[in-house]
Amino acid sequence: MASVNKKNIVPCLAWVKQGCAKRNPDKVALDKEELKKVIEKSQEKLKEKEDLLDDSDNENEQANMEEGDDFDQAVKKAKQMASTIKKEKTSQTSGKRKSSENGEEEDDVVKRYGLDDYDEEEPPSDLMSGIGGLTPFASNDEDPYITIKEEEDSDDEDFVLKPTDNLLALGRVTDEAAILEVYIYNAELNNLFIHHDYILPTFPLVLEWMDYDVAEDQPGNFVAMGTMEPDIGIWDLDVVDSLEPVAVLRGDQQQVKKKKKKKMEKRETLSQGHSDAVLDLSWNHHVRNVMASASADRTVCLWDLSKGEVASSLKHHEQQVQCVSWHPEESQTLLTGSFDNCAAVIDCRNPSENVKKWKFTGEVERALWNHFNPFNFLASTDKGMLYEVDVRQDKPLFTLSAHEEGVTGVALSTQIPGLLVTSSPDKHLKVWDIENSRPSLVLNRNLRMDVLHCVNCNPDHPFVFAVGANKDFKVWDIRESAAVRGHFLQRMPAALARECDEDDQDLGPEGEEALGAMAGLRVQGDDADDAEEEEMLTGDRKGTPIAANNENEESKKKKKKKKRKKKNLDL
């Protein structure tokens with residue numbers, strides 16, 4: 001990953017499929033019993049302090065009485081004399097009571113209005129014991145004295161998830177903090193807004209969604225996070241305001257404390273977990289309690305999530321392991337990529353013998369299986385190269401110079417065969433067609449987001465991709481490009497194809513206004529990019545000229561607005 005200076009970085013992100021999250025997520029809060037225990041405990045502490053103060057006062061008073069008996073007796077005699085004088089004066093003036101202006105006697109006024117203790121100060125109230133009196137009702141709706149009830153807040157409505165909502169979890173790093181943010185994305189309404197977030201203790205590097213609950217062995221909604229630390233945190237996305245992950249897969253702390261020697265030839269055996277940063281994660285969809293992790297300590301750990309322990313540690317790479325991916329159909333087959341310029345496919349049933357490697361030009365940045373062809377996988381390197389490999393062959397099916405710099409993001413469409421999106425520190429996002437292992441460039445865009453770190457496809461919407469970069473992140477439906485629509489129209493599902501029918505131009509200023517924040521993603525490239533796209537557009541249309549008739553253009557724009565009217569997605 002390229003080094004960066006500015007701190008609004010989104011280095012990792014992960015989509016959550018529709019229907020996997022709770023409709024109404026839970027909130028962390030103390031119940032009545034817990035609150036009662038807290039109050040009682042505080043009252044006990046206060047009472048103990050008061051008793052200690054009373055005991056010390058009594059001891060001081062007794063000591064003073066013993067030392068000054070003569071003085072106290074003299075004071076007592078003086079008080080008795082003053083009391084006798086006061087009684088005599090009162091008896092002399094008892095018959096001379098003053099009357100008020102309205103005829104009432106002064107004593108009657110004093111009694112009537114309770115003025116005897118008017119100047120006396122009230123004793124301080126016990127704040128701890130008064131909490132119950134201050135908050136007798138959990139909400140205003142339960143208070144019978146409040147007749148005007150609170151109206152439903154729009155924020156409450158946004159808090160509840162719809163069946164058509166996707167969640168997008170992403171790690172963000174700013175000057176102030178590292179944060180795990182959870183966004184709601186709705187393709188039908190084209191809404192994108194933050195739902196909740198969590199404060200992180202360190203820099204996030206990778207997110208992997210899974211539905212395995214490590215505590216109850218039941219389906220749930222979780223993300224595992226790899227960071228600069230050797231530990232792996234598992235966060236429950238259905239719990240809001242949580243201060244810490246629900247579980248932590250601990251690294252080998254003893255190995256972390258040991259300093260690495262430069263001349264060390266043999267690596268030390270890991271007893272538990274990693275001893276360095278966790279660079280990638282992959283959850284096994286077929287064996288749900290298993291997750292693989294790649295680390296800078298040159299190992300791959302296979303975790304048994306039901307026990308929170310390492311079941312096996314793989315050491316088939318000579319350098320840091322950058323990426324790891326389980327096979328989409330074979331539960332025992334694992335793909336890994338390393339800084340030693342090699343990608344490897346390993347059978348985890350017998351990892352010491354069943355390993356096959358391929359060597360590439362440059363350090364392997366990303367490696368993933370082609371889920372449309374289970375024998376093939378894709379690998380990218382820091383030299384900007386992209387490869388497709390058939391595991392049954394020794395040489396790659398194709399070798400492609402995809403970017404000027406490293407290819408740090410590689411994502412296949414979830415439903416459209418051959419649709420591949422790549423991202424790079426060269427600031428460009430590219431759309432490729434790799435069907436039949438014959439790669440062709442469909443679209444090249446400079447997103448003006450500085451260095452691009454990662455890209456991921458929405459599991460329910462095959463043309464919607466999320467991109468993380470040095471300058472925030474973007475969610476983009478790449479069908480906004482006429483090149484993409486025209487090239488993949490025949491492979492689209494019927495519903496998506498109807499939406500794109502007769503849209504044969506990139507959207508202009510009017511279209512951008514209708515698209516809201518989508519227009520921010522539709523950034524014009526440099527002259528070379530525009531010329532390249534013009535050539536691709538001509539090729540995709542097979543020489544069909546664009547109608548010059550103004551009426552036809554206006555009708556197309558109206559249809560475009562009507563079909564693809566969108567709400568603002570600005571973050």
Q: Considering only NZ, NE, NH1 and NH2 on the basic side and carboxylate oxygens on the acidic side, decide whether E405 and K383 come within less than 4.0 Å.
A: no

Quick check: does any side chain N or O of N376 sit under 3.5 Å from a backbone N or O of N373, one acting as donor and the other as acceptor? no

For K17, the salt bridge (charged side-chain N to carboxylate O under 4.0 Å, His left out) test, sequence neighbours excluded, returns D460

- Query: Is the shortest side-chain N to carboxylate O distance from R366 to D280 below 4.0 Å?
  - Reply: yes

| task | Taking the six-membered ring for Trp and the single ring otherwise, decide whether the centroids of F222 and W235 are under 6.0 Å apart. | result | no

(request) Examine H195 together with Y183 and report whether their ring centres are nearer than 6.0 Å. (result) no

- Query: Under 4.0 Å between a Lys/Arg side-chain N and an Asp/Glu carboxylate O for D450 and K471?
  - Reply: no

**Request:** Please examine the side chains of R491 and E435, heavy atoms only from C-beta on, and report whether any two atoms are closer than 4.5 Å.
**Result:** yes

Inset, instruction - Evaluate the side-chain contact (heavy atoms from CB on, under 4.5 Å) criterion for residues V364 and C323: first the C-alpha distance (whole Å), next the side-chain angles of each, then the deciding distance (0.1 Å), finally the verdict. - result: CA-CA 8 Å; V364 178; C323 45; 3.8 Å; yes

Is there a donor-acceptor pair closer than 3.5 Å between any side-chain N or O of S282 and the backbone N or O of W326? yes

| said: Has S295 got a side-chain atom pairing as donor or acceptor with P230's backbone, closer than 3.5 angstrom? | reply: no

Hits for ring pair (Phe, Tyr, Trp, His ring centres under 6.0 Å) against W15, two or more places apart or cross-chain, chain-then-number order -> Y185

